[in-house]
Asks: 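Structure in structure tokens, see below.
Naming convention: chains lettered A, B, ... in sequence-line order (proteins, then strands); numbering from 1 in each chain. What's counted below: heavy atoms across the whole structure, side chains too, no hydrogens, waters or symmetry copies.
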Protein chains: 2
Amino acid sequence: MHKKVTLKTIARDLNLSPGTVSRVLNGKAKEFRISDETVAKVFRFAKQMNYSPNLIAKGLQASKTFTIGLMIPDISNPFFALMAKYIQRAALKANYSILLVDAEENIEREKKQLKNMVSRKVDGIIAAPVGTVFDHFQDIIAEGIPLVFIDRYFKNADVPYISSNNYNGAYEATKLLIENGHKRIALIKGDEVIEPVKERREGFLNALAEFGVSQAKCWVVGNEFTIENGYLHTIELLESDEKPTAIFAMSNLIGLGVLKAVKEIKLKIPDDISLIIFDDQPYVSYIDPPITTVKQNSEKIGELAIEFIIKKIDNGSTKLASQLIATNIMVRSSVKNIN
Amino acid sequence: MHKKVTLKTIARDLNLSPGTVSRVLNGKAKEFRISDETVAKVFRFAKQMNYSPNLIAKGLQASKTFTIGLMIPDISNPFFALMAKYIQRAALKANYSILLVDAEENIEREKKQLKNMVSRKVDGIIAAPVGTVFDHFQDIIAEGIPLVFIDRYFKNADVPYISSNNYNGAYEATKLLIENGHKRIALIKGDEVIEPVKERREGFLNALAEFGVSQAKCWVVGNEFTIENGYLHTIELLESDEKPTAIFAMSNLIGLGVLKAVKEIKLKIPDDISLIIFDDQPYVSYIDPPITTVKQNSEKIGELAIEFIIKKIDNGSTKLASQLIATNIMVRSSVKNIN
DNA sequence: CTGAAAGCGCTAACAC
DNA sequence: GTGTTAGCGCTTTCAG
């Protein structure tokens, strides 16, 4: 096993002081007018010894770790995975690393790992919170750690967020359905504890109202962002006498559940039932029929979140406003025109 | 902004020494026979002050950070996202945190971030390497940092790996095709620089040979794990005069490309062309037709990787063997029996 | 131009 | 039972 090389060992070997070596290696040679000879010597030796600065020690003394905590409810959900990718990319560009936690939709886990992040002295936290309670996030604020929510958020918490414009997205999707002649529409949604779920439901309901579609003949069902939830409610819906002509699935997983159910009862999209899914995923364009979706701009959300958090890290007094990012309807072939 | 509370401040406020407070808070009260009174006092005060241990300081002094670096080629690829989930879960269970890097299939990025991980003093690294070169991984070994490859690996590197049994998986898939009467099969593969690609190709070829299918009438094409690669080659394949009756897509992304192409030229699976995809994803069972796949055991791979790395961290001399994890054929409806 | 020393927060060795 | 001290590796005054 190889012996460790630190500033001190380098200094000793070169008959210099740790301070000097530190200054050189941190590009402060000019500033301190250190002789070219010394500079060259240090660089050469450090390279030769394959010196690797100890960021832990640096972090301890600077009270800054260049680490951002990323708290995600489910990294295997492609929506979050994609967001993680962009957040990661933006973070690295700014020389920050990402400490990843998958809360697995479990609030206890979220709490515990949030504490861990505090102990690890992350410089900031980006989180898509799991539940309805956010006391544990208040603690983060109290600790003075910059925090921003992505995707999910709490309206009544004083924490800024970057999310899709969920209301508009749902509104537009519903409008599209209505324009295609649909008057019997079912919304399969997630848990309303989640703010974006409320927003999407509002967008849906308001579109119905605005275009004079009877809410009495529409459905608002479901309570989870899962395949199971989409599946069960679709079965129920499609087996009822007065069934809908279109389904609006509020997430990619719910959408998968709808697909599963429709296939199982041998119906055809869009002939028997039209479908639109909130959240676009690669596969939806390659299946038969390609699904019309509401695409969220994960890249922008990720970039803004990092930008935001870094600004806050660099200047704690910064007061940045939450942002709602526009969505895009990706029109494909899962909505039938029944006008 | 709140003032920081450290062992020292607690000690001062309580008229104790930092050492004592440390011992109490680390559950060593019994061992040092510290008075119940003191213990209670310390715990109460620490809780009241919302004390959070500084893991950075702890890490510096113990030369152990309880952090594992996870290097992934593309976290938005659901295969890797799922693996990341399981690795993360297993790591947290053992009180380790995950420092995530998405190399974005870019070797320079991988190199740079590997160095960063070394500087951050991660206790071990789990990586699915991007390319063909692995000098930079040798450096990790030289530093004495435990390292294990997952999914992708190098046969000639002295680094242990946990991966699917790629050879067998491909062999079984090919066998299934042959048993269903296919004699004109195309394999669309990734870059052969990647060891599992070679293995899968071998499995494919050997199955052909073993069951007496003419390799002259089969195809081995493609060079990337991308949708584009799958798409382009499928188009070419299906537009040729002597086209295959079945396609074996070597990854989920290639499979998506095949789906895209097949749809575009208005062919039907499995009537016009049979398909089997290496790597199972949720959506494949809900589309029409459901796709037969080779399912990899991501959970097991993830768990073993963590188990492995922690063993190695705890006992550097441990010499653990690489492992190939069995795959499973998920028979669905994308393979037509043409016997 | 460079060195010496203090300190970031913590633990462990050594005192008593 | 508890205090004191040294040191993890680094940067940063303060000296000279």
Side-chain angles (χ1 to χ4, degrees), chain A residues 2-43 45-46 49-67 118-123 143, chain B residues 2-43 45-46 49-67 118-123 143:
Chain A
H2 105 315
K3 60 178 170 334
K4 62 180 70 173
V5 19
T6 69
L7 280 191
K8 216 159 87 176
T9 66
I10 295 184
R12 186 158 21 75
D13 290 350
L14 255 33
N15 271 317
L16 290 168
S17 77
T20 302
V21 179
S22 166
R23 288 184 269 250
V24 172
L25 259 18
N26 286 299
K28 294 183 180 164
K30 288 267 139 8
E31 187 183 335
F32 286 87
R33 314 191 323 157
I34 295 171
S35 74
D36 291 357
E37 188 192 1
T38 305
V39 172
K41 202 163 61 174
V42 169
F43 273 125
F45 193 70
M49 296 272 81
N50 200 14
Y51 170 70
S52 162
N54 185 328
L55 258 32
I56 297 297
K58 229 171 183 163
L60 176 59
Q61 99 92 33
S63 308
K64 162 141 194 179
T65 57
F66 277 97
T67 308
V118 174
S119 268
R120 283 175 180 274
K121 303 292 165 192
V122 297
D123 296 331
E143 290 283 343
Chain B
H2 103 315
K3 61 179 168 335
K4 62 181 72 175
V5 19
T6 68
L7 279 192
K8 217 159 86 178
T9 66
I10 295 184
R12 186 158 22 75
D13 290 351
L14 254 33
N15 271 318
L16 290 169
S17 76
T20 302
V21 179
S22 166
R23 288 183 270 249
V24 172
L25 260 17
N26 285 297
K28 295 184 180 164
K30 287 268 140 7
E31 187 183 338
F32 287 87
R33 313 191 325 158
I34 294 171
S35 76
D36 291 356
E37 188 192 1
T38 305
V39 171
K41 202 165 61 172
V42 169
F43 273 125
F45 193 70
M49 295 272 82
N50 200 13
Y51 169 70
S52 162
N54 185 328
L55 259 32
I56 300 296
K58 229 171 185 164
L60 176 60
Q61 99 91 29
S63 308
K64 161 137 193 180
T65 57
F66 277 97
T67 308
V118 174
S119 268
R120 284 175 179 273
K121 303 291 164 192
V122 296
D123 295 331
E143 291 282 344

Asks: Is any side-chain nitrogen or oxygen of A/Ser22 closer than 4.0 Å to OP1 or OP2 of D/dT12?
Replies: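 So the side chain of A/Ser22 is outside the cut-off, no N or O lying under 4.0 Å from OP1 or OP2 of D/dT12.
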
Asks: Answer yes or no: is there a donor N or O on one side and an acceptor on the other, between the side chain of B/Ser119 and the main chain of A/Pro53, under 3.5 Å?
Replies: yes

Asks: Output the distance between atom CD1 (A/Ile56) and atom OG1 (B/Thr67), rounded to the nearest 0.5 Å.
Replies: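 Separation between the atoms: 6.5 Å.
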
Asks: Mind calculating the distance between NZ (A/Lys28) and P (D/dC10) to the nearest angstrom?
Replies: 14 Å

Asks: Looking at every non-hydrogen atom in both residues, tell me the closest pair between A/Lys121 and B/Ser52 and how far apart they are.
Replies: NZ-O, 4.5 Å

Asks: Between C/dC8, C/dC10, D/dC14, which one does the side chain of B/Lys8 approach most closely?
Replies: C/dC8

Asks: Using a heavy-atom cut-off of 4.0 Å across all strands, would you classify B/Ile56 as base, sugar-phosphate, or nothing?
Replies: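 The answer is nothing, as B/Ile56 stays clear of every strand by at least 4.0 Å.
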
Asks: Take the C1' atoms of the five end pairs on each side of the helix from C/dC1-D/dG16 to C/dC16-D/dG1, derive the two axes, and give their angle rounded to 10 degrees.
Replies: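 The value is 50°.
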
Asks: Could you state the interatomic distance from OG1 (A/Thr9) to CZ (A/Phe45), rounded to the nearest 0.5 Å?
Replies: 7.0 Å

Asks: So how far is it from A/Lys64 NZ to A/Lys58 NZ, rounded to the nearest 0.5 Å?
Replies: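 Spacing of NZ (A/Lys64) from NZ (A/Lys58) equals 12.5 Å.
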
Asks: State whether B/Asn26 places a side-chain N or O below 4.0 Å from either non-bridging phosphate oxygen (OP1 or OP2) of C/dT11.
Replies: yes

Asks: Among the nucleotides C/dT2, D/dT11, C/dG9, which one has an atom lying closest to any side-chain atom of B/Asn54?
Replies: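 Of C/dT2, D/dT11, C/dG9, C/dG9 is nearest to the side chain of B/Asn54.
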
Asks: Does A/Thr6 have a side-chain nitrogen or oxygen under 4.0 Å from the phosphate oxygens OP1 or OP2 of D/dC8?
Replies: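 Checking A/Thr6 against D/dC8: no side-chain N or O falls below 4.0 Å of OP1 or OP2.
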
Asks: Among the nucleotides C/dC1, D/dG9, C/dC10, which one has an atom lying closest to any side-chain atom of A/Arg33?
Replies: C/dC1

Asks: What does A/Lys30 touch in the nucleic acid at a heavy-atom separation under 4.0 angstrom: a base, only the sugar-phosphate, or nothing?
Replies: nothing

Asks: Whole angstrom is fine here: how far is it from CD in B/Glu37 over to P in D/dG1?
Replies: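 Distance, rounded to whole Å: 12 Å.
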
Asks: How far apart are the closest heavy atoms of B/Ala11 and B/Pro18, and which atoms are they?
Replies: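 Of all heavy-atom pairs spanning B/Ala11 and B/Pro18, the closest is CB-N, 3.5 Å.
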
Asks: With respect to the side chain of B/Gln61, which nucleotide from D/dC14, D/dC8, D/dG3 is positioned closest?
Replies: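 Nearest to the side chain of B/Gln61 among the choices is D/dC8.
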
Asks: For A/Leu60 and C/dG7, give me the distance from atom CG to atom P, rounded to whole Å.
Replies: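 These atoms are roughly 14 Å apart.
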
Asks: Using the closest heavy atom to pick a nucleotide of DNA chain D for each, name whichever of B/Ala62 or B/Gly19 lands nearer the 5' end.
Replies: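 Final value for this comparison: B/Gly19.
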
Asks: Strictly below 4.0 Å: does A/Lys4 bring a side-chain N or O up to OP1 or OP2 of D/dG9?
Replies: yes

Asks: Atom CG of A/Leu7 and atom P of D/dG7: how far apart are they, to the nearest Å?
Replies: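 Rounding to the nearest Å, CG of A/Leu7 and P of D/dG7 are 18 Å apart.
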
Asks: Quick one: pull up NZ in B/Lys41 and CD1 in B/Ile34 and give me the separation to the nearest 0.5 Å.
Replies: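 Here the rounded value is 11.5 Å.
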
Asks: Would you mind telling me which of C/dC10, D/dT2, C/dT2 lies closest to the side-chain atoms of B/Lys58?
Replies: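 Looking only at heavy atoms from C-beta outward on B/Lys58, the closest nucleotide is C/dC10.
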
Asks: I need the CZ-P distance between B/Phe32 and C/dA15, as an integer number of Å.
Replies: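 Taking atom P of C/dA15 as the reference, CZ of B/Phe32 is at 15 Å.
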
Asks: Just N and O in the side chain of B/Ser17: are any of them under 4.0 Å from OP1 or OP2 of D/dG3?
Replies: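 For B/Ser17, the contact criterion (side-chain N or O under 4.0 Å from OP1 or OP2 of D/dG3) is met.
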
Asks: To the closest 0.5 Å, what do you measure between CG (A/Leu25) and CD1 (A/Ile10)?
Replies: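 A/Leu25 atom CG to A/Ile10 atom CD1 measures 6.0 Å (nearest 0.5 Å).
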
Asks: Would you confirm whether B/Thr65, through its side chain, and B/Gly59, through its main-chain N or O, come within 3.5 Å as a donor-acceptor pair?
Replies: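 No, because the side chain of B/Thr65 does not come within donor-acceptor range (under 3.5 Å) of the backbone of B/Gly59.
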
Asks: Is B/Tyr51 near enough to C/dG9 that one of its side-chain N or O atoms lies under 4.0 angstrom from OP1 or OP2?
Replies: no

Asks: Find the distance B/Glu31:CD to D/dT2:P and express it as a whole number of Å.
Replies: 14 Å

Asks: Heavy atoms only, 4.0 Å cut-off, all strands: where does B/Asp36 land among base, sugar-phosphate and nothing?
Replies: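 Here B/Asp36 touches no strand at all.
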
Asks: Among the candidates D/dG3, C/dT2, C/dT11, find the nucleotide nearest to the side-chain atoms of B/Pro18.
Replies: C/dT11

Asks: Can you work out whether B/Leu55 or B/Arg23 has the more 5'-proximal nearest nucleotide on DNA chain C?
Replies: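 Mapping each residue to its closest nucleotide by heavy atoms, the 5'-most match is B/Leu55.
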
Asks: Using atom CD1 of A/Ile10 as one end and atom P of D/dT11 as the other, report the distance to the nearest whole Å.
Replies: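 Spelled out: CD1 on A/Ile10 to P on D/dT11 is 11 Å.
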
Asks: What does A/Lys121 touch in the nucleic acid at a heavy-atom separation under 4.0 angstrom: a base, only the sugar-phosphate, or nothing?
Replies: nothing

Asks: Of the nucleotides D/dT11, C/dT2, C/dG9, which one has an atom closest to the side chain of A/Ile34?
Replies: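 That would be C/dT2.
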
Asks: Which of the following nucleotides, C/dT2, D/dT2, D/dG9, is nearest to the side chain of B/Ser35?
Replies: D/dT2

Asks: Using whole Å, what does the distance between atom P of nucleotide C/dG9 and atom CZ of B/Arg12 come to?
Replies: 11 Å

